[in-house]
Amino acid sequence: SSGVGAPSASTGAAAMADAPRAEGGGEKKRVGFAAADDSPSAASPTSSSTSRVRVDVGSRATGSSSAALSSSSAGAAATLQSLVASSGSAGGAARLSTGSAGGKVAGRWPVARSGVSAYRSLGGMSTSFFLEKQAIVLDFGSAYTKVGFAAEASPRHIIPTPEVNFGGRCSSSVSASLLEPEWVEILDRLLQKIFFHYLSVSPKDRRVVICEPVFAPRPFRDALAFCLFKRYSVPSVSFAIDMVMPLYLTGLHSGVVIDCGYRSSRVLPTFAGVPVISAFRSASPGGQRLAKRLAGMVKAAVAGNSKESVVATKVVQNPKASEDLMVQCCYATFTLPGGKTLKSDKDANIAIDKGGDTLTVPACCRWQCCELFFRDPQAAGIGGHAHEEGLADDDFQDAGSCATLTQAFVECLERCPVDVRGAVVQNVVVVGGCASIRGLLPRLAIELKAALLKCPKTAALAERLRFTPLDYAPVAAAWTGASVFASVDSGHDLSVADYSNGSKLLPDWSRDGFV
């Protein structure tokens, strides 16, 4: 290990001259490398024109290990020379020094405890921690696509992808989607932008892990495999259900994942690592609907103010502005067990754009839009779709038959086998962009427990209800779980040979028997 930018050249040289060189024993063995010559005798500790670096080889170093280190290649010496030249000292006389055997340093930088890792960093190896090339992880959402590499805690980029629209439902049992040639044209352009612009990698030598919705249309999956294998020549592809991946962040193989997404909210239980797809349920409330409803309510509230009415009209017509407004001022109100209700009576003054336009959001509008998760607008009499301008009925039909998130959760448990319910209800994970709304998690816990108590079939599960908090951003929890999955599991990949000869079919979650 080395400390870069020692206080002076004389200090570094003195530290090198004072370092012990005992063979074996309890003292640490120090090996000096000269930047101009690999031979330890070619550089003098007091020379002002030669820079040396120490590598700690451990407290039980032997003569053979020191000899191996002292016979380093000229490539390591050249690397050290470049480090010395860029250290910023006057006249290029800066030194790389580690200090004495007692762990003291010549400058401000401590001695690294692992000499092996320090030696690897000097050998001209890659700056990445991993020797092999990590897999590419792609999470296709209804509004945004998360991209990055395996074994990383967060995606490199979150890209808005409105072109990835999985379609809607013509009825309760018939869905509509694009054809495979149309998906090929869309995904070819999108993958080119992801690989070469955002990630700046060649996909030819990297495994790709795909997170997809459980009921993604088959033409989308076929077109994606065609583009990856035929257009970009990836070696292998692994498909995974996006709502199973967050369980990798909890350390448990059973649980219920609630995804508060953009177009809808979805609920899927998983038992012993197997998703119970027959119990999958979804509800119409989502980020898109909440943003539109908030913008419509604000527009109706400021109708008497001509200036703010113009601004509110712009917000209603701009989906991005509606989402920003929802993120900045919305929250979910709830009542604590002691009877105290957390609710604000203050209006929010939000800046809409850089031009100086502001919009006043009434206090009641800030929390009423979040009631869509827990109350049916038609049954509760809070306006229905009157404030949701710009959205057709088809925008809610593809979300399923449940009107609220609590209803979807209860129906999901009812569809699970009896011996599965008690296991999955003890690990409830909430993910998605809307999961970051302030107050949503405690309100959801209160509402779900009350809904379980009302239903005779699930009343006994109310006391077992447990939520698992995540240490990662909920908007990218599915991607982060897939990052863990990609770094530990590679036994179910679809290789290019399997795809070419047809020996292994693409996964079809409704066909493969997950019940």
Side-chain angles (χ1 to χ4, degrees), residues 128-130 134-159 198-199 209-214 238 240-262 265-273 275 286-287 326-328 330-332 334 336 342 370 373 405 409 423-449 464-490:
S128 175
F129 178 78
F130 300 96
Q134 294 301 300
I136 298 174
V137 182
L138 306 178
D139 180 13
F140 292 97
S142 56
Y144 297 91
T145 297
K146 278 75 71 177
V147 301
F149 298 101
E152 293 185 353
S154 60
R156 294 288 182 95
H157 298 278
I158 299 180
I159 311 166
Y198 288 105
L199 299 181
V209 176
I210 304 296
C211 293
E212 62 171 357
V214 60
S238 179
I241 299 179
D242 57 352
M243 295 188 66
V244 179
M245 296 296 102
L247 294 181
Y248 278 84
L249 306 179
T250 66
L252 302 174
H253 52 64
S254 299
V256 179
V257 176
I258 300 176
D259 179 19
C260 303
Y262 181 72
S265 298
R266 303 174 297 159
V267 184
L268 177 68
T270 300
F271 179 73
M326 178 190 67
V327 171
Q328 293 183 62
C330 279
Y331 69 95
F334 58 93
L336 296 174
L342 298 183
C370 294
F373 284 113
L405 184 56
F409 182 80
V424 299
V425 80
Q426 298 182 60
N427 183 29
V428 180
V429 183
V430 184
V431 301
C434 292
S436 300
I437 296 178
R438 287 166 291 184
L440 181 65
L441 292 183
R443 173 67 182 277
L444 184 61
I446 295 173
E447 293 288 343
L448 291 184
K449 185 174 182 179
R464 293 189 176 187
L465 183 64
R466 296 291 185 274
F467 285 78
T468 302
L470 299 179
D471 294 331
Y472 305 92
V475 67
W479 185 95
T480 307
S483 174
V484 178
F485 165 79
S487 61
V488 299
D489 190 346
S490 60

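For reference, positions follow the sequence shown, starting with 1.
- Expressed to the nearest 0.5 Å, how far NZ of K146 lies from CD1 of I159 amounts to 10.5 Å.
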Stepwise side-chain contact (heavy atoms from CB on, under 4.5 Å) test for V267 and L405 | CA-CA 8 Å; V267 184; L405 184 56; 4.1 Å; yes
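- Looking at R466 and V425, their side chains never come closer than 4.5 Å, going by heavy atoms from C-beta outward.
- No side-chain heavy atom of C211 sits less than 4.5 Å from a side-chain heavy atom of F485.
- Side-chain contact between F149 and V137 is absent, with no heavy-atom pair separated by less than 4.5 Å.
- Between S487 and V484 the shortest heavy-atom distance is OG-O, 2.8 Å.
- Across A486 and V209, no two heavy atoms sit closer than the pair CB-CG2, 3.5 Å.
- More than 12 heavy atoms of other residues, nucleotides or ligands sit less than 6.0 Å from atom OH of Y331.
- For T480 (side chain) and A153 (main-chain N/O), a donor-acceptor pair under 3.5 Å exists by modelled atom type.
- None of L448, V256, L441 except one satisfies the side-chain contact (heavy atoms from CB on, under 4.5 Å) rule with F467; the exception is L448.
- Smallest separation of non-hydrogen atoms from A332 and R443: CB-CB, 4.4 Å.
- Not one N or O on the side chain of H157 forms a donor-acceptor pair closer than 3.5 Å with the backbone of V147.
- Residues I158 and T145 form no side-chain contact, since every pair of their non-hydrogen atoms from C-beta on lies 4.5 Å or further apart.
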CA sep, side-chain torsions, deciding dist, call: L342, R438, side-chain contact (heavy atoms from CB on, under 4.5 Å) = CA-CA 11 Å; L342 298 183; R438 287 166 291 184; over 6 Å; no
Apply side-chain contact (heavy atoms from CB on, under 4.5 Å) to V429 and I258, showing your working.
-> CA-CA 6 Å; V429 183; I258 300 176; over 6 Å; no
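- Considering only heavy atoms from C-beta on, L199 comes within 4.5 Å of I136 through its side chain.
- Interatomic distance, CG of L249 versus CG of L470, reported as 5.5 Å (0.5 Å rounding).
- Counting heavy atoms from C-beta outward, Y198 and R156 have side chains that stay 4.5 Å or more apart.
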Step by step, would you call N427 with L247 a side-chain contact (heavy atoms from CB on, under 4.5 Å)?
-> CA-CA 9 Å; N427 183 29; L247 294 181; 3.6 Å; yes
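- Summarising the geometry of A476 relative to P155, their closest heavy-atom pair is CB-CD, 3.8 Å, with the distance given to 0.1 Å.
- Closest non-hydrogen pair, A445 versus L465, comes out as O-CD2, 4.2 Å.
- A distance of 8.0 Å separates CG in L444 from CZ in F409, rounded to the nearest 0.5 Å.
- Counting only heavy atoms from C-beta outward, the side chains of C260 and V430 approach each other to under 4.5 Å.
- Judged by distance alone, the side chain of W479 and the main-chain N or O of S154 form no donor-acceptor pair under 3.5 Å.
- Only one option out of P269, P275, P246 pairs with V257 in a side-chain contact (heavy atoms from CB on, under 4.5 Å); it is P246.
- S254 contributes no side-chain N or O that, together with a main-chain N or O of A423, makes up a donor-acceptor pair within less than 3.5 Å.
- Note: F334 CZ to L336 CG = 5.5 Å, rounded to the nearest 0.5 Å.
- Here the CD1 atom belonging to I210 is positioned 9.5 Å from the CG atom belonging to D139, to the nearest 0.5 angstrom.
- Here the shortest heavy-atom pairing between R266 and M243 reads O-CE, 3.4 Å.
- The structure places SG of C330 at 11.0 Å from CG of L440, a figure rounded to the nearest 0.5 Å.
- A heavy-atom distance below 4.5 Å is found between the side chains of F140 and L138.
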